[in-house]
Every structure is written in C-alpha cells, then in structure tokens.
Participant: 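Quick one: structure below, then a few questions.
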Amino acid sequence: MSKSKETGIGTDPECNKNYHLNKSEKVALKDLLQKRLHECGWYKDVEEKIRNTLQERGLSNITHDQLSAEIIPQARALVPEEVRKEMTMRVREALESPLPTIGNGKT
C-alpha cells in the first residue's frame with residue numbers, strides 16, 4: 001500500500017475511513033506533543049533560528065509571512081524522529097480505538 005509522505009494516510013480507499021478524534025483526545029495529544037518538544041529542546045532551537053534570521057535580515061527587512069515561510073520548514077525538520085514516531089503511534093491508537101457509546105440506547 002502506498003502512503004502519502006505528507007500525511008501518512010494510505011491511498012487505498014479502504015484505509016481512508018472517516019476517523020475522528022474527540023476534543024479531549026485532541027487536547028491530550030497536543031499537550032503530549034508540546035511536552036515532548038519542550039523536553040528535547042525543540043522550542044529553544046526554533047527560537048534560536050528565529051533570532052538568527054532576524055539578526056541576519058534585520059527586523060525592518062522581513063515580514064511575519066516571510067519569516068514564517070522560512071522558519072516553518074526548518075522547525076518541522078528539527079522535530080526528532082523519536083518524537084515523530086511516538087506521536088504517530090499515539091494518534092493511530094486514538095483513531096483506531098472504539099468510539100465511546102453515549103447512554104445505553106434506551107429511551
């Protein structure tokens with residue numbers, strides 16, 4: 001089965017089921033990602049890249065959009081492979097877990 005490198009979702013229609021995360025799952029995954037990125041020093045590395053870029057180009061010579069366009073690909077590349085793998089695994093687990101039932105179906 002071929003996989004899209006960007007999304008990691010298979011191109012096989014059977015694999016592209018409608019998966020959804022509830023709000024609490026999204027928040028928990030986001031919090032875990034932030035924690036892991038903080039632990040590995042990713043935030044400091046990105047901040048340093050931003051400072052260096054601003055110092056090299058000058059504050060008045062770069063727009064927010066230009067800075068974002070330059071930094072975002074670098075920031076993504078700085079995410080450690082171990083963090084990527086862990087988060088991919090956690091998201092898959094959350095998506096594949098059965099949906100909780102609401103109530104008992106009786107009226």
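Keep in mind it's a predicted model, so treat the numbers as computed, not measured.
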Participant: Please assess Glu47 against Lys44 for the test side chain to side chain contact (heavy atoms under 4.5 Å, CB included), listing each intermediate value before the final yes or no.
Facilitator: CA-CA 5 Å; Glu47 187 176 295; Lys44 287 182 182 179; 5.5 Å; no

Participant: Ignoring hydrogens and angles, write down the donor-acceptor pairs under 3.5 Å from the side chains of residues 29-38, residues two or more places apart or on other chains.
Facilitator:
from: Arg36; atom 1: NE; to: Glu86; atom 2: OE1; distance (Å): 2.8
from: Arg36; atom 1: NE; to: Glu86; atom 2: OE2; distance (Å): 3.3
from: Arg36; atom 1: NH2; to: Glu86; atom 2: OE2; distance (Å): 3.1

Participant: If you round to the nearest 0.5 Å, how far is CD1 of Ile50 from CG of Leu67?
Facilitator: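 Result: 6.0 Å between the selected atoms.
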
Participant: For Glu82, what residues pass the side-chain contact (heavy atoms from CB on, under 4.5 Å) criterion, not counting sequence neighbours?
Facilitator: none

Participant: Indicate if Met87 and Leu95 have the same hydrophobic cluster label, given that clusters are the connected sets of ILVMFWY residues with side-chain heavy-atom separations under 4.5 angstrom.
Facilitator: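 As far as the 4.5 Å side-chain criterion goes, Leu95 and Met87 are connected within one cluster.
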
Participant: Could you tell me which residues satisfy side-chain contact (heavy atoms from CB on, under 4.5 Å) with Thr88, sequence neighbours excluded, listed by chain and number?
Facilitator: Arg92

Participant: Transitively linked via ILVMFWY side-chain contacts under 4.5 Å: Tyr43 with Val79?
Facilitator: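 Tyr43 clusters together with Val79.
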
Participant: CG of Asn52 to CD of Gln74: how many Å apart, nearest 0.5 Å?
Facilitator: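 Separation between the atoms: 9.5 Å.
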
Participant: With rounding to the nearest 0.5 Å, note down the distance linking CG in Asn61 to CG in Leu54.
Facilitator: 10.5 Å

Participant: Measure the CG-OG1 distance between Leu59 and Thr53 for me, rounded to the nearest 0.5 Å.
Facilitator: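 Here the rounded value is 11.5 Å.
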
Participant: Holding to side chain to side chain donor-acceptor pair (under 3.5 Å), I want the full list of residues that pass it with Ser24, two or more places apart in sequence or in another chain.
Facilitator: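 Ser24: side chain to side chain donor-acceptor pair (under 3.5 Å) contacts with Asn22.
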
Participant: Where do Ser68 and Pro73 come nearest, in terms of heavy atoms and distance?
Facilitator: O-CD, 4.2 Å

Participant: I need the minimum non-hydrogen distance between Glu25 and Ser97, along with the two atoms involved.
Facilitator: OE2-OG, 4.0 Å

Participant: What residues, two or more places apart in sequence or in another chain, satisfy side-chain contact (heavy atoms from CB on, under 4.5 Å) together with Leu78?
Facilitator: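 For Leu78, the residues satisfying side-chain contact (heavy atoms from CB on, under 4.5 Å) (neighbours in sequence not counted) are Trp42, Asp45, Val46, Lys49.
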
Participant: Can you list every pair that meets salt bridge (charged side-chain N to carboxylate O under 4.0 Å, His left out) and has a residue in residues 52-74, with sequence neighbours left out?
Facilitator: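 Every salt bridge (charged side-chain N to carboxylate O under 4.0 Å, His left out) pair that includes a residue of residues 52-74, provided the two are not neighbours, is Arg57-Glu70.
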
